[in-house]
Amino acid sequence: YIKGNDVIVASTGGNSKVIQTATKSTVYCTSYITCNRKNYLVIGSSAGLQIWDIDGNDLKCFLSLSSLLDKNEDPEEHYIQCITGCGNNYIGAGCTNGSVFVIEVPMDTENINVAHTLKVNNHKNKNTPPNIVAITGSDNYLICANEAGDIAGFDCYSAFQNTCNIYVSGSLRIKDMSYVDELVTSLITRGDTIVASYNTGHIRIFRISLQELSIVISAHYRSISALALNPTASIFASVSEDQYVRVWEFPEFNNRSSADADLIHFEKLDNKLCTGVCFFNYNSVQNDKIGITSYVKMK
């Protein structure tokens, strides 16, 4: 987890250690990512991308932001904002310059390299790529969203060719009676399906092959903070600033009887602003569990 500008690895035994991040850098994201059946600790920051072994003892690769950006871009103005795993051996890193860097992690970690630099279309201004604000991946696709509300899909097995581009027009009314664009806050994907959450409290579900919106859910009263997909069951969870966690059926569009996203459970966490969610214990004979992170509201 991130505490200030430190990344801390905590064990179930109660021990913890601080990972040495780049000097004078700000850490924005960290995650465990599996490549070639090996787990890595990946850190995105204002300095670039660090790839460590699972325990944070051995730095496998450091890709500086200056080496990732174009020569005419100032590293002082950008940072890695979101990361994910995709395909069998790739890491996707979304940057505030509007690029997604695809990092190939071969079995020989000495040869980690930048395989592709992808751009997400901006429906408003093709010459100005907005920040990449959300990213997710599966065995087949890398999905990302930018600050303008555009969602793009790239095929991991076709040299990351752009296979879909989606934009849903919408706006959010704020206190001074003005309007701001809807922003994607989180993404998950499985098969031919993309689930996107928004700062308006909506969840929208898209089909990649048809590039169309299939389901809209008024899921929460306030901005949705995070989504989580159960790895072994057809359910997903959403959490929001409205203090609710909700669990939904994941739609299976190839089966008409399960092509909906019905609400199957919800719970309010009083005085807690929910910020993150994940499923765990899903390989156990016991029931699945959901872990939630939150801020505690001060009275």
All ring pair (Phe, Tyr, Trp, His ring centres under 6.0 Å) counterparts of [X], not counting sequence neighbours:
| X | value |
| --- | --- |
| H78 | none |
| Y79 | Y28 |
| Y244 | none |

Could you list who else is in Y157's hydrophobic cluster, with ILVMFWY side chains joined at under 4.5 Å, directly or through other members? none

Linking directly or through intermediates, with side-chain heavy atoms under 4.5 Å: list the remaining ILVMFWY members grouped with V18, chain and number order. Y1, I8

Under 3.5 Å, side chain of [X] to main-chain N/O of [Y], donor-acceptor pair present?
| X | Y | answer |
| --- | --- | --- |
| S31 | I33 | no |
| S99 | T117 | no |
| R190 | N230 | yes |
| E147 | V133 | no |
| S223 | T200 | no |
| N162 | C164 | yes |
| T26 | S46 | no |

Contacts satisfying salt bridge (charged side-chain N to carboxylate O under 4.0 Å, His left out) that involve residues 64-84 (not counting sequence neighbours) are none

Of all pairs that satisfy salt bridge (charged side-chain N to carboxylate O under 4.0 Å, His left out), the ones with a partner from residues 33-50, not counting sequence neighbours: none

Residue list, salt bridge (Lys or Arg N to Asp or Glu O under 4.0 Å) with D150, at least two apart or on another chain: none

Excluding sequence neighbours, so at least two apart, what forms salt bridge (Lys or Arg N to Asp or Glu O under 4.0 Å) with R207? D192

Please check if atom CD in Q211 has more than 12 non-hydrogen atoms from other residues, nucleotides or ligands closer than 6.0 Å. yes

Within 6.0 Å of CZ in F266, more than 12 heavy atoms from elsewhere: no

Examine [X] and [Y] and state if one hydrophobic cluster contains both, with Ile, Leu, Val, Met, Phe, Trp and Tyr joined whenever side-chain heavy atoms are less than 4.5 Å apart.
| X | Y | value |
| --- | --- | --- |
| I112 | I80 | yes |
| I235 | V239 | yes |
| L63 | L118 | no |

Any pair with a residue in residues 185-232 that passes ring-ring contact (aromatic ring centres under 6.0 Å, His included), sequence neighbours left out, goes on the list, sorted by first then second residue, please. none

From I215 atom CD1 to I203 atom CD1, the distance as rounded to the nearest 0.5 Å: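 Interatomic distance, I215 CD1 to I203 CD1, rounded to 0.5 Å: 10.5 Å.
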
Go through the structure and list residues passing side chain to side chain donor-acceptor pair (under 3.5 Å) with T293, not counting sequence neighbours.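 Counting only residues at least two positions away or on another chain, T293 forms a side chain to side chain donor-acceptor pair (under 3.5 Å) with T275.
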
Find out whether N140 and C156 are in side-chain contact, i.e. whether some heavy atom of one side chain is under 4.5 Å from a heavy atom of the other. no

Without placing hydrogens or testing angles, list every side-chain donor-acceptor pair under 3.5 Å for residues 51-59, not counting sequence neighbours.
unit_1	atom_1	unit_2	atom_2	d
D53	OD1	G56	N	2.9
D53	OD1	N57	N	2.7
D53	OD1	D58	N	3.1
N57	OD1	K17	NZ	2.4
D58	OD2	K60	NZ	2.9

